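Take a look at the structure set out below.
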Amino acid sequence: MNYWLMKSEPSVFGIDNLARAKNSTTGWDGVRNFQARNYMREMRKGDLVFFYHSSCEVPGIAGVATVQREAYPDPTQFDSKHDHYDAASKADEPRWSMVDVKLVRKFDEVLSLDELRKHAAGKLKDMVVLKRGNRLSITPVTKSEWHFIEALV
DNA sequence: GCCAACGTTGGC
DNA sequence: GCCAACGTTGGC
């Protein structure tokens, strides 16, 4: 079992959208970064995910989700009218993948980036999402980071 | 294979 | 809205 952090802008799709979705599950499409894609391909059903709110008033972890379906081709890459259309991707060798994630629980309040940073010199010193300049939308979380953060909530 | 230009992310 | 950081593209 592995642990991950996935960023989403709540103005586009936040944790409340996930809570309202059918079966509290959504397809995580639109990823167009190779490293993030590779991480999605490593995800296994049952892996746990911190659902992170970015580009908003209080950036931070809003709750926990789980991988419900492992990587499969993202159909938006083949839709020429879609923002995420990729003319270079071939049907027999899709370039972009997506996974489905299901809500596990929403935190009572967002565990803010500020709060996480308080531990940036300690238990969370290697946490990828806290590293300077990090923009990756999907990052791995270690088991010890996961449990430490769960205990902060 | 280098690297400048460009686009995007995301905190502030 | 600003801008630092970084990924991608494309000319050479």
Side-chain angles (χ1 to χ4, degrees), chain A residues 2-21 26-43 47-67 70-101 103-142 144-146 148-153:
Chain A
N2 286 308
Y3 303 93
W4 309 93
L5 181 145
M6 299 174 87
K7 294 179 185 172
S8 186
E9 297 184 27
S11 62
V12 178
F13 192 92
I15 198 155
D16 289 328
N17 297 94
L18 183 58
R20 285 193 296 269
T26 192
W28 205 282
D29 62 10
V31 171
R32 294 294 181 271
N33 171 284
F34 289 104
Q35 206 175 342
R37 179 206 69 181
N38 292 343
Y39 284 138
M40 279 201 296
R41 289 180 177 178
E42 288 180 32
M43 290 181 183
D47 281 2
L48 292 172
V49 177
F50 281 137
F51 191 108
Y52 182 95
H53 281 174
S54 65
S55 296
C56 58
E57 197 175 345
V58 184
I61 299 169
V64 174
T66 186
V67 176
E70 297 179 7
Y72 59 102
D74 177 350
T76 65
Q77 68 195 302
F78 301 121
D79 180 354
S80 61
K81 293 185 291 296
H82 201 283
D83 278 354
H84 294 121
Y85 177 61
D86 183 354
S89 184
K90 302 191 194 77
D92 58 348
E93 200 184 343
R95 175 180 287 186
W96 304 111
S97 300
M98 61 185 284
V99 296
D100 289 354
V101 302
L103 182 67
V104 173
R105 71 173 174 127
K106 177 187 168 179
F107 294 162
D108 291 336
E109 52 187 65
V110 172
L111 181 58
S112 69
L113 182 59
D114 281 351
E115 189 65 32
L116 293 171
R117 284 201 198 287
K118 289 178 185 169
H119 307 280
K123 290 279 170 60
L124 302 181
K125 69 179 168 52
D126 296 320
M127 191 162 182
V128 181
V129 81
L130 299 183
K131 300 232 159 144
R132 180 183 173 78
N134 175 72
R135 300 177 313 156
L136 251 192
S137 62
I138 299 174
T139 52
V141 174
T142 67
S144 62
E145 287 163 351
W146 183 276
F148 180 75
I149 290 169
E150 280 273 20
L152 291 177
V153 178

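Being a predicted model, the structure only gives us computed values, none of them experimental.
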Note to self: Once you measure the plane-to-plane angle for A:F13 and A:F51, does it fall in the parallel (<30°), tilted (30-60°) or perpendicular (>60°) bin?
What the structure shows: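 Geometry flag for A:F51 against A:F13: tilted rings.
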
Please give, in whole Å, the distance from [N] [atom2] to [X] [atom1]?
X: A:R32; N: B:dT9; atom1: CZ; atom2: C1'; result: 16 Å
X: A:H84; N: B:dT9; atom1: NE2; atom2: C1'; result: 12 Å
X: A:K7; N: B:dG10; atom1: NZ; atom2: C1'; result: 7 Å
X: A:R117; N: B:dG10; atom1: CZ; atom2: C1'; result: 11 Å

Next item on the list: Decide yes or no for A:E145 and A:L124: does some side-chain heavy atom of the first lie under 4.5 Å from some side-chain heavy atom of the second?
Entry: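 Yes; the side chains approach each other to less than 4.5 Å.
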
Notebook entry, point to check: For A:Y52 and B:dG11, is the shortest distance between a side-chain N/O and OP1 or OP2 below 4.0 Å?
Noted result: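 Checking A:Y52 against B:dG11: at least one side-chain N or O falls below 4.0 Å of OP1 or OP2.
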
Next item on the list: Please check if atom CD in A:E150 has more than 12 non-hydrogen atoms from other residues, nucleotides or ligands closer than 6.0 Å.
Entry: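 Check passes, neighbour count above 12.
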
Margin query: Regarding A:R32 and A:D86, does a basic nitrogen lie under 4.0 Å from an acidic carboxylate oxygen?
Written below: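 No.
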
Notebook entry, point to check: Of the candidate nucleotides C:dT8, C:dG7, B:dC12, which contains the atom at the shortest distance from the side chain of A:R135?
Noted result: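 So the nucleotide nearest the side chain must be C:dG7.
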
Next item on the list: Just compare C:dT8, C:dC6, B:dG11 and give me whichever is closest to any side-chain atom of A:N33.
Entry: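 Given the options C:dT8, C:dC6, B:dG11, the side chain of A:N33 is closest to C:dT8.
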
Check: At under 4.0 Å between heavy atoms, what does A:S55 touch on the DNA or RNA strands: base, sugar-phosphate, or nothing?
Finding: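 Here A:S55 touches the bases of the nucleic acid.
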
